[in-house]
Protein chains: 2
Amino acid sequence: MNLPPLVETFVLHFGEMGGRWGVNRAVGQIYALLFVSDRALNAEEITDALGISRSNTSIALKELDAWRLVRRRHRPGDRRDYFETPEDVWQILRTLVEERRRREIDPTLSLLRDILLESPASTEERHAQARMGEMLELMELATRWAEDLQKLDNTSLRQLLALGAGVSKLLELKSKVPIFGSGARRRDTEESA
Amino acid sequence: MNLPPLVETFVLHFGEMGGRWGVNRAVGQIYALLFVSDRALNAEEITDALGISRSNTSIALKELDAWRLVRRRHRPGDRRDYFETPEDVWQILRTLVEERRRREIDPTLSLLRDILLESPASTEERHAQARMGEMLELMELATRWAEDLQKLDNTSLRQLLALGAGVSKLLELKSKVPIFGSGARRRDTEESA
DNA sequence: GCGATATTTTCGAAATTACTGAAATTCGGG
DNA sequence: CCCGAATTTCAGTAATTTCGAAAATATCGC
(Lines give C-alpha, C1' and ligand atoms only; values in the text may rest on other atoms or scores of the structure.)
Protein backbone atom coordinates (compact mmCIF):
# COMPACT_ATOMS: atom_id res chain seq x y z
CA MET A 1 0.00 0.00 0.00
CA ASN A 2 1.55 3.20 -1.22
CA LEU A 3 0.10 6.00 0.87
CA PRO A 4 1.08 8.61 3.44
CA PRO A 5 1.11 6.84 6.83
CA LEU A 6 -1.71 8.94 8.21
CA VAL A 7 -3.94 8.09 5.27
CA GLU A 8 -2.95 4.44 5.35
CA THR A 9 -4.08 4.12 8.96
CA PHE A 10 -7.44 5.61 8.06
CA VAL A 11 -7.86 3.43 4.98
CA LEU A 12 -6.99 0.23 6.82
CA HIS A 13 -9.40 1.08 9.59
CA PHE A 14 -12.25 1.60 7.14
CA GLY A 15 -11.39 -1.70 5.54
CA GLU A 16 -11.84 -3.43 8.89
CA MET A 17 -14.98 -1.50 9.78
CA GLY A 18 -16.47 -2.33 6.41
CA GLY A 19 -17.27 -5.78 7.73
CA ARG A 20 -19.35 -4.34 10.55
CA TRP A 21 -21.61 -2.47 8.27
CA GLY A 22 -22.16 -4.94 5.51
CA VAL A 23 -19.57 -4.15 2.88
CA ASN A 24 -16.31 -5.91 2.22
CA ARG A 25 -12.82 -4.71 2.92
CA ALA A 26 -12.09 -3.36 -0.55
CA VAL A 27 -15.28 -1.28 -0.55
CA GLY A 28 -14.39 0.23 2.82
CA GLN A 29 -10.83 0.99 1.83
CA ILE A 30 -11.74 2.59 -1.46
CA TYR A 31 -14.36 4.74 0.16
CA ALA A 32 -11.91 5.94 2.78
CA LEU A 33 -9.29 6.68 0.15
CA LEU A 34 -11.67 8.70 -1.98
CA PHE A 35 -13.05 10.52 1.01
CA VAL A 36 -9.70 11.98 2.04
CA SER A 37 -8.29 12.39 -1.46
CA ASP A 38 -7.91 15.95 -2.68
CA ARG A 39 -8.83 14.97 -6.23
CA ALA A 40 -10.88 12.37 -8.08
CA LEU A 41 -9.03 9.10 -8.73
CA ASN A 42 -9.35 6.58 -11.52
CA ALA A 43 -9.56 2.83 -11.04
CA GLU A 44 -5.90 2.30 -11.89
CA GLU A 45 -4.73 4.79 -9.28
CA ILE A 46 -6.97 3.21 -6.66
CA THR A 47 -5.68 -0.26 -7.51
CA ASP A 48 -2.08 0.88 -7.12
CA ALA A 49 -2.65 2.84 -3.95
CA LEU A 50 -4.37 -0.06 -2.17
CA GLY A 51 -2.44 -2.99 -3.64
CA ILE A 52 -5.56 -4.92 -4.70
CA SER A 53 -6.46 -6.38 -8.06
CA ARG A 54 -7.92 -4.29 -10.81
CA SER A 55 -11.08 -6.39 -11.02
CA ASN A 56 -11.61 -6.17 -7.31
CA THR A 57 -11.49 -2.39 -7.63
CA SER A 58 -14.03 -2.52 -10.41
CA ILE A 59 -16.52 -4.58 -8.42
CA ALA A 60 -16.06 -2.52 -5.29
CA LEU A 61 -16.64 0.70 -7.23
CA LYS A 62 -19.82 -0.74 -8.63
CA GLU A 63 -20.97 -1.49 -5.11
CA LEU A 64 -20.16 2.03 -3.94
CA ASP A 65 -22.07 3.28 -6.94
CA ALA A 66 -25.08 1.20 -5.92
CA TRP A 67 -24.90 2.82 -2.50
CA ARG A 68 -24.67 6.21 -4.25
CA LEU A 69 -21.64 6.99 -2.15
CA VAL A 70 -19.36 7.91 -5.04
CA ARG A 71 -19.69 10.04 -8.15
CA ARG A 72 -18.11 9.41 -11.53
CA ARG A 73 -16.42 12.35 -13.23
CA HIS A 74 -14.78 12.71 -16.61
CA ARG A 75 -11.90 14.74 -17.93
CA PRO A 76 -11.76 16.06 -21.45
CA GLY A 77 -9.53 13.90 -23.61
CA ASP A 78 -9.45 11.08 -21.07
CA ARG A 79 -11.85 8.18 -21.31
CA ARG A 80 -11.22 6.89 -17.84
CA ASP A 81 -13.75 7.28 -15.05
CA TYR A 82 -12.59 9.36 -12.13
CA PHE A 83 -14.24 8.73 -8.78
CA GLU A 84 -14.86 11.02 -5.85
CA THR A 85 -17.07 11.32 -2.79
CA PRO A 86 -19.36 14.31 -2.40
CA GLU A 87 -17.65 17.26 -0.73
CA ASP A 88 -20.49 17.82 1.67
CA VAL A 89 -20.45 15.46 4.63
CA TRP A 90 -24.08 16.32 5.40
CA GLN A 91 -25.06 15.11 1.99
CA ILE A 92 -23.13 11.92 2.67
CA LEU A 93 -25.06 11.47 5.90
CA ARG A 94 -28.37 11.88 4.06
CA THR A 95 -27.35 9.30 1.49
CA LEU A 96 -26.32 6.82 4.16
CA VAL A 97 -29.57 7.18 6.08
CA GLU A 98 -31.58 6.88 2.89
CA GLU A 99 -29.79 3.79 1.61
CA ARG A 100 -29.83 2.00 4.91
CA ARG A 101 -33.51 2.63 5.19
CA ARG A 102 -34.07 1.27 1.72
CA ARG A 103 -32.09 -1.88 2.36
CA GLU A 104 -32.78 -2.59 6.01
CA ILE A 105 -36.24 -1.24 6.71
CA ASP A 106 -38.32 -1.15 3.55
CA PRO A 107 -38.30 -4.89 2.76
CA THR A 108 -39.47 -5.65 6.29
CA LEU A 109 -42.15 -2.99 6.12
CA SER A 110 -43.84 -4.56 3.16
CA LEU A 111 -43.58 -8.05 4.61
CA LEU A 112 -45.21 -6.87 7.83
CA ARG A 113 -48.02 -5.19 5.95
CA ASP A 114 -48.71 -8.41 4.08
CA ILE A 115 -48.64 -10.63 7.13
CA LEU A 116 -50.94 -8.34 9.05
CA LEU A 117 -53.63 -8.77 6.42
CA GLU A 118 -53.95 -12.48 7.15
CA SER A 119 -56.34 -13.84 9.74
CA PRO A 120 -54.73 -15.50 12.72
CA ALA A 121 -55.55 -19.18 13.07
CA SER A 122 -54.66 -19.52 16.74
CA THR A 123 -53.97 -17.60 19.91
CA GLU A 124 -50.26 -17.77 19.21
CA GLU A 125 -50.77 -16.24 15.81
CA ARG A 126 -52.96 -13.54 17.25
CA HIS A 127 -50.24 -12.57 19.67
CA ALA A 128 -47.60 -12.74 16.99
CA GLN A 129 -49.61 -10.41 14.80
CA ALA A 130 -50.05 -7.97 17.63
CA ARG A 131 -46.28 -7.84 18.11
CA MET A 132 -45.70 -7.41 14.41
CA GLY A 133 -48.19 -4.57 14.49
CA GLU A 134 -46.12 -2.81 17.13
CA MET A 135 -43.01 -3.28 15.06
CA LEU A 136 -44.76 -1.97 11.96
CA GLU A 137 -45.91 1.16 13.71
CA LEU A 138 -42.42 1.92 14.93
CA MET A 139 -40.87 1.24 11.55
CA GLU A 140 -43.37 3.44 9.80
CA LEU A 141 -42.55 6.28 12.12
CA ALA A 142 -38.84 5.74 11.66
CA THR A 143 -39.25 5.60 7.91
CA ARG A 144 -41.21 8.79 7.76
CA TRP A 145 -38.63 10.44 9.97
CA ALA A 146 -35.84 9.32 7.67
CA GLU A 147 -37.74 10.65 4.68
CA ASP A 148 -38.23 13.99 6.36
CA LEU A 149 -34.55 14.10 7.14
CA GLN A 150 -33.79 14.05 3.45
CA LYS A 151 -35.56 17.34 3.05
CA LEU A 152 -33.73 19.28 5.73
CA ASP A 153 -30.95 21.60 4.64
CA ASN A 154 -27.52 21.37 6.22
CA THR A 155 -28.19 24.05 8.80
CA SER A 156 -31.42 22.50 10.03
CA LEU A 157 -29.85 19.06 10.07
CA ARG A 158 -27.00 20.32 12.18
CA GLN A 159 -29.40 22.06 14.53
CA LEU A 160 -31.50 18.95 14.79
CA LEU A 161 -28.52 16.87 15.81
CA ALA A 162 -27.16 19.52 18.13
CA LEU A 163 -30.52 19.81 19.78
CA GLY A 164 -30.59 16.19 20.84
CA ALA A 165 -32.66 15.52 23.92
CA GLY A 166 -33.36 19.22 24.08
CA VAL A 167 -36.16 18.43 21.72
CA SER A 168 -38.34 17.34 24.63
CA LYS A 169 -38.06 20.81 26.15
CA LEU A 170 -38.96 22.23 22.79
CA LEU A 171 -41.96 19.93 22.57
CA GLU A 172 -43.17 21.19 25.93
CA LEU A 173 -42.85 24.70 24.65
CA LYS A 174 -44.80 23.80 21.57
CA SER A 175 -47.71 22.52 23.58
CA LYS A 176 -47.73 25.71 25.65
CA VAL A 177 -47.75 28.20 22.81
CA PRO A 178 -51.38 28.35 21.70
CA ILE A 179 -50.98 28.52 17.95
CA PHE A 180 -48.67 25.51 17.99
CA GLY A 181 -50.60 23.50 20.52
CA SER A 182 -52.53 20.34 19.65
CA GLY A 183 -55.95 20.62 18.05
CA ALA A 184 -56.74 22.08 14.63
CA ARG A 185 -53.06 21.61 13.92
CA ARG A 186 -53.05 21.75 10.18
CA ARG A 187 -54.92 25.00 9.90
CA ASP A 188 -52.82 26.63 12.58
CA THR A 189 -49.47 25.84 11.08
CA GLU A 190 -50.67 27.17 7.77
CA GLU A 191 -51.61 30.44 9.41
CA SER A 192 -48.22 30.72 11.02
CA ALA A 193 -46.34 30.25 7.76
CA MET B 1 -39.43 -25.69 11.00
CA ASN B 2 -42.38 -26.28 13.23
CA LEU B 3 -44.28 -23.02 13.45
CA PRO B 4 -47.58 -21.40 12.49
CA PRO B 5 -47.24 -20.32 8.84
CA LEU B 6 -47.59 -16.66 9.65
CA VAL B 7 -44.79 -16.82 12.18
CA GLU B 8 -42.64 -18.94 9.91
CA THR B 9 -42.76 -16.31 7.17
CA PHE B 10 -41.66 -13.66 9.63
CA VAL B 11 -38.88 -15.79 11.06
CA LEU B 12 -37.50 -16.73 7.65
CA HIS B 13 -37.53 -13.11 6.57
CA PHE B 14 -35.55 -12.03 9.61
CA GLY B 15 -33.09 -14.80 8.91
CA GLU B 16 -32.50 -13.36 5.46
CA MET B 17 -32.35 -9.77 6.65
CA GLY B 18 -29.87 -10.75 9.33
CA GLY B 19 -27.18 -10.80 6.68
CA ARG B 20 -27.86 -7.18 5.78
CA TRP B 21 -27.24 -5.93 9.23
CA GLY B 22 -24.28 -7.94 10.31
CA VAL B 23 -25.65 -10.97 12.11
CA ASN B 24 -26.04 -14.47 10.74
CA ARG B 25 -29.21 -16.27 9.82
CA ALA B 26 -29.65 -18.12 13.10
CA VAL B 27 -29.35 -14.91 15.10
CA GLY B 28 -31.98 -13.22 12.96
CA GLN B 29 -34.37 -16.14 13.13
CA ILE B 30 -34.07 -16.57 16.87
CA TYR B 31 -34.63 -12.91 17.45
CA ALA B 32 -37.74 -12.92 15.30
CA LEU B 33 -39.07 -16.00 17.05
CA LEU B 34 -38.57 -14.55 20.51
CA PHE B 35 -40.02 -11.24 19.47
CA VAL B 36 -43.38 -12.69 18.48
CA SER B 37 -43.48 -15.43 21.09
CA ASP B 38 -46.02 -15.00 23.86
CA ARG B 39 -43.68 -16.53 26.42
CA ALA B 40 -39.98 -16.95 27.10
CA LEU B 41 -38.39 -19.95 25.36
CA ASN B 42 -35.47 -22.11 26.33
CA ALA B 43 -32.66 -23.15 24.00
CA GLU B 44 -34.17 -26.55 23.38
CA GLU B 45 -37.51 -25.13 22.29
CA ILE B 46 -35.79 -22.67 19.98
CA THR B 47 -33.72 -25.43 18.44
CA ASP B 48 -36.80 -27.52 17.75
CA ALA B 49 -38.87 -24.67 16.42
CA LEU B 50 -36.22 -23.55 13.94
CA GLY B 51 -34.70 -26.90 13.01
CA ILE B 52 -31.12 -25.83 13.67
CA SER B 53 -28.46 -27.46 15.81
CA ARG B 54 -28.30 -27.00 19.51
CA SER B 55 -24.80 -25.51 19.43
CA ASN B 56 -25.83 -23.09 16.76
CA THR B 57 -28.62 -21.92 19.02
CA SER B 58 -26.23 -21.54 21.89
CA ILE B 59 -23.80 -19.37 19.97
CA ALA B 60 -26.55 -17.27 18.42
CA LEU B 61 -28.08 -16.63 21.84
CA LYS B 62 -24.73 -15.52 23.14
CA GLU B 63 -24.50 -13.08 20.26
CA LEU B 64 -27.99 -11.72 20.96
CA ASP B 65 -26.95 -11.38 24.56
CA ALA B 66 -23.90 -9.36 23.52
CA TRP B 67 -26.22 -7.07 21.59
CA ARG B 68 -28.40 -6.87 24.72
CA LEU B 69 -31.37 -7.74 22.54
CA VAL B 70 -32.56 -10.63 24.70
CA ARG B 71 -33.07 -11.18 28.41
CA ARG B 72 -32.51 -14.38 30.33
CA ARG B 73 -35.21 -15.39 32.76
CA HIS B 74 -35.42 -18.26 35.21
CA ARG B 75 -38.26 -20.32 36.50
CA PRO B 76 -38.27 -21.71 39.99
CA GLY B 77 -37.32 -25.36 39.96
CA ASP B 78 -35.95 -25.18 36.42
CA ARG B 79 -32.29 -24.59 35.78
CA ARG B 80 -32.65 -23.82 32.12
CA ASP B 81 -32.34 -20.29 30.79
CA TYR B 82 -35.48 -18.90 29.23
CA PHE B 83 -35.05 -16.14 26.68
CA GLU B 84 -37.29 -13.28 25.71
CA THR B 85 -37.15 -9.89 24.07
CA PRO B 86 -38.18 -6.79 25.99
CA GLU B 87 -41.91 -6.09 25.74
CA ASP B 88 -41.38 -2.46 24.93
CA VAL B 89 -40.47 -1.83 21.29
CA TRP B 90 -39.24 1.66 22.18
CA GLN B 91 -36.74 0.14 24.55
CA ILE B 92 -35.66 -2.19 21.76
CA LEU B 93 -35.12 0.81 19.50
CA ARG B 94 -32.96 2.49 22.12
CA THR B 95 -30.87 -0.62 22.53
CA LEU B 96 -30.37 -0.96 18.78
CA VAL B 97 -29.30 2.65 18.37
CA GLU B 98 -26.96 2.39 21.34
CA GLU B 99 -25.31 -0.83 20.22
CA ARG B 100 -24.89 0.23 16.65
CA ARG B 101 -23.29 3.43 17.81
CA ARG B 102 -20.94 1.50 20.04
CA ARG B 103 -19.90 -0.88 17.28
CA GLU B 104 -20.00 1.28 14.19
CA ILE B 105 -19.18 4.80 15.34
CA ASP B 106 -17.14 4.73 18.53
CA PRO B 107 -14.09 2.85 17.20
CA THR B 108 -13.83 5.30 14.32
CA LEU B 109 -14.23 8.26 16.62
CA SER B 110 -11.21 7.36 18.66
CA LEU B 111 -9.14 6.58 15.59
CA LEU B 112 -9.99 9.97 14.11
CA ARG B 113 -9.07 11.76 17.32
CA ASP B 114 -5.71 10.04 17.34
CA ILE B 115 -4.93 10.75 13.72
CA LEU B 116 -5.87 14.39 14.05
CA LEU B 117 -3.23 14.85 16.73
CA GLU B 118 -0.42 14.05 14.31
CA SER B 119 1.28 16.69 12.21
CA PRO B 120 0.73 16.41 8.48
CA ALA B 121 3.92 15.82 6.50
CA SER B 122 2.59 16.95 3.12
CA THR B 123 -0.16 18.85 1.38
CA GLU B 124 -2.01 15.60 0.78
CA GLU B 125 -1.91 14.77 4.46
CA ARG B 126 -3.07 18.23 5.37
CA HIS B 127 -6.10 17.84 3.15
CA ALA B 128 -6.76 14.34 4.42
CA GLN B 129 -6.72 15.60 7.99
CA ALA B 130 -9.12 18.38 7.13
CA ARG B 131 -11.57 15.84 5.72
CA MET B 132 -11.18 13.61 8.73
CA GLY B 133 -11.90 16.64 10.87
CA GLU B 134 -15.20 17.15 9.09
CA MET B 135 -16.07 13.52 9.60
CA LEU B 136 -15.14 13.71 13.25
CA GLU B 137 -17.33 16.72 13.83
CA LEU B 138 -20.32 15.03 12.26
CA MET B 139 -19.76 11.81 14.14
CA GLU B 140 -19.45 13.62 17.43
CA LEU B 141 -22.75 15.34 16.83
CA ALA B 142 -24.39 12.07 15.84
CA THR B 143 -22.96 10.35 18.88
CA ARG B 144 -24.18 12.98 21.25
CA TRP B 145 -27.57 12.84 19.60
CA ALA B 146 -27.71 9.07 20.04
CA GLU B 147 -26.74 9.44 23.69
CA ASP B 148 -29.48 11.98 24.24
CA LEU B 149 -31.94 9.64 22.61
CA GLN B 150 -31.27 7.10 25.32
CA LYS B 151 -32.60 9.51 27.89
CA LEU B 152 -35.93 10.28 26.25
CA ASP B 153 -38.99 8.50 27.55
CA ASN B 154 -41.29 6.64 25.18
CA THR B 155 -43.67 9.52 24.72
CA SER B 156 -40.97 12.02 23.84
CA LEU B 157 -39.28 9.54 21.56
CA ARG B 158 -42.52 8.95 19.69
CA GLN B 159 -43.12 12.67 19.40
CA LEU B 160 -39.59 13.22 18.18
CA LEU B 161 -40.04 10.68 15.41
CA ALA B 162 -43.51 11.89 14.54
CA LEU B 163 -42.25 15.42 14.32
CA GLY B 164 -39.75 14.64 11.61
CA ALA B 165 -38.93 17.58 9.38
CA GLY B 166 -41.40 19.59 11.40
CA VAL B 167 -38.47 20.21 13.66
CA SER B 168 -37.26 22.95 11.38
CA LYS B 169 -40.51 24.85 11.88
CA LEU B 170 -40.09 24.32 15.57
CA LEU B 171 -36.56 25.65 15.41
CA GLU B 172 -37.81 28.79 13.71
CA LEU B 173 -40.35 29.20 16.44
CA LYS B 174 -37.67 28.79 19.04
CA SER B 175 -35.60 31.59 17.59
CA LYS B 176 -38.65 33.86 17.49
CA VAL B 177 -39.84 33.40 21.02
CA PRO B 178 -37.63 35.74 23.03
CA ILE B 179 -37.03 33.62 26.10
CA PHE B 180 -35.98 30.67 23.94
CA GLY B 181 -33.97 32.64 21.43
CA SER B 182 -30.19 32.47 21.22
CA GLY B 183 -28.11 34.38 23.70
CA ALA B 184 -27.99 33.87 27.48
CA ARG B 185 -29.51 30.49 26.73
CA ARG B 186 -28.76 28.65 29.92
CA ARG B 187 -30.25 31.27 32.20
CA ASP B 188 -33.36 31.57 30.09
CA THR B 189 -34.25 27.91 29.98
CA GLU B 190 -33.84 27.74 33.73
CA GLU B 191 -36.32 30.55 34.14
CA SER B 192 -38.81 28.80 31.93
CA ALA B 193 -38.67 25.51 33.86
C1' DG C 1 -18.78 -35.98 46.40
C1' DC C 2 -22.06 -38.12 42.90
C1' DG C 3 -25.22 -38.36 39.25
C1' DA C 4 -28.11 -35.89 36.23
C1' DT C 5 -28.84 -32.09 33.35
C1' DA C 6 -27.46 -27.85 30.99
C1' DT C 7 -23.99 -25.15 28.71
C1' DT C 8 -19.71 -24.17 26.36
C1' DT C 9 -15.86 -25.44 23.62
C1' DT C 10 -13.57 -27.83 20.04
C1' DC C 11 -12.95 -29.42 15.60
C1' DG C 12 -13.69 -30.97 10.90
C1' DA C 13 -16.87 -30.72 6.97
C1' DA C 14 -19.82 -27.93 4.08
C1' DA C 15 -21.31 -23.68 2.34
C1' DT C 16 -20.67 -19.05 1.39
C1' DT C 17 -18.11 -15.08 0.21
C1' DA C 18 -13.99 -12.52 -1.43
C1' DC C 19 -10.33 -12.14 -4.58
C1' DT C 20 -7.55 -12.81 -8.62
C1' DG C 21 -5.90 -13.28 -13.45
C1' DA C 22 -7.38 -13.94 -17.91
C1' DA C 23 -10.65 -13.37 -21.39
C1' DA C 24 -14.38 -10.72 -23.28
C1' DT C 25 -16.68 -6.52 -24.02
C1' DT C 26 -17.31 -1.62 -24.48
C1' DC C 27 -16.15 2.75 -26.18
C1' DG C 28 -14.01 6.72 -28.42
C1' DG C 29 -10.96 8.29 -32.06
C1' DG C 30 -8.93 7.67 -36.47
C1' DC D 1 -15.21 -0.24 -39.52
C1' DC D 2 -10.88 -1.05 -36.94
C1' DC D 3 -7.58 -0.10 -33.22
C1' DG D 4 -6.24 0.30 -28.70
C1' DA D 5 -7.32 1.77 -24.10
C1' DA D 6 -10.36 0.99 -20.34
C1' DT D 7 -13.65 -1.57 -18.02
C1' DT D 8 -16.37 -5.53 -16.90
C1' DT D 9 -17.29 -10.35 -16.64
C1' DC D 10 -16.13 -14.93 -15.54
C1' DA D 11 -14.28 -19.15 -13.74
C1' DG D 12 -11.25 -20.97 -10.58
C1' DT D 13 -9.07 -20.52 -6.06
C1' DA D 14 -8.44 -18.84 -1.47
C1' DA D 15 -10.29 -17.40 2.72
C1' DT D 16 -13.83 -17.01 5.87
C1' DT D 17 -18.01 -18.29 8.02
C1' DT D 18 -21.49 -21.51 9.32
C1' DC D 19 -22.90 -25.68 11.13
C1' DG D 20 -23.39 -29.91 13.80
C1' DA D 21 -21.49 -33.84 16.52
C1' DA D 22 -19.03 -34.96 20.27
C1' DA D 23 -16.21 -33.95 24.15
C1' DA D 24 -15.37 -31.10 28.04
C1' DT D 25 -17.02 -28.13 31.60
C1' DA D 26 -20.19 -26.18 34.88
C1' DT D 27 -24.22 -26.38 38.02
C1' DC D 28 -27.71 -28.19 40.72
C1' DG D 29 -30.12 -31.38 43.97
C1' DC D 30 -29.18 -34.97 46.68
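Chain letters run A, B, ... following the sequence lines, proteins first and then strands; every chain starts at 1. All heavy atoms count here, side chains included; hydrogens, waters and symmetry mates do not.
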What's the separation between atom CZ in Arg80(B) and atom NE2 in His74(B), rounded to the nearest 0.5 Å?
12.5 Å
With a 4.5 Å heavy-atom cut-off, do Leu157(A) and Trp90(A) have their side chains touching?
yes
Distance, rounded to the nearest Å, where Arg54(A) contributes CZ and dC10(D) contributes C1'
15 Å
Output the rounded distance in Å from CD (Glu44(A)) to C1' (dT8(D)).
14 Å
Pair Glu104(A) + Arg20(B), salt bridge at N-O below 4.0 Å:
no
On the nucleotide dT7(D), are OP1 or OP2 found under 4.0 Å from the side-chain N or O atoms that Lys62(A) carries?
no
When you compare the side chains of Ser37(A) and Arg131(B), does any donor N or O come within less than 3.5 Å of an acceptor on the partner?
no
Any donor-acceptor pair under 3.5 Å linking the side-chain atoms of Asn154(B) with those of Asp88(B)?
yes
Please compare Asp81(B) and Val27(A) by the position of their nearest nucleotide in DNA chain C and report the one closer to 5'.
Asp81(B)
Applying a 4.0 Å non-hydrogen cut-off, can you work out what Asn56(A) is touching in the nucleic acid: base, sugar-phosphate, or nothing?
base
Decide, yes or no, whether a salt bridge links Asp148(B) with Lys151(B) under the criterion of side-chain N to carboxylate O below 4.0 Å.
yes
Over how many whole Å does the gap from His74(B) atom NE2 to dC28(D) atom C1' extend?
13 Å
If you assign Gly77(A) and Ala26(A) each to the DNA chain C nucleotide with the nearest heavy atom, which residue ends up on the more 5' nucleotide?
Ala26(A)
DNA chain D: Arg79(A) or Asn42(A), which has the more 5' nearest nucleotide?
Arg79(A)
Rounded to the nearest Å, what distance is computed from the CD1 atom of residue Ile52(B) to the P atom of nucleotide dA21(D)?
12 Å
Closer than 4.0 Å, any side-chain N/O of Arg80(A) to the OP1 or OP2 of dA6(D)?
yes
Pair Arg39(B) + Glu45(B), salt bridge at N-O below 4.0 Å
yes
Quick one: Gln29(B) CD to dT18(D) C1', roughly how many Å, whole number?
13 Å
Give the first and the last nucleotide of DNA chain C, reading 5' to 3', that has any atom under 4.0 Å from a heavy atom of chain A.
dA18(C) to dG28(C)
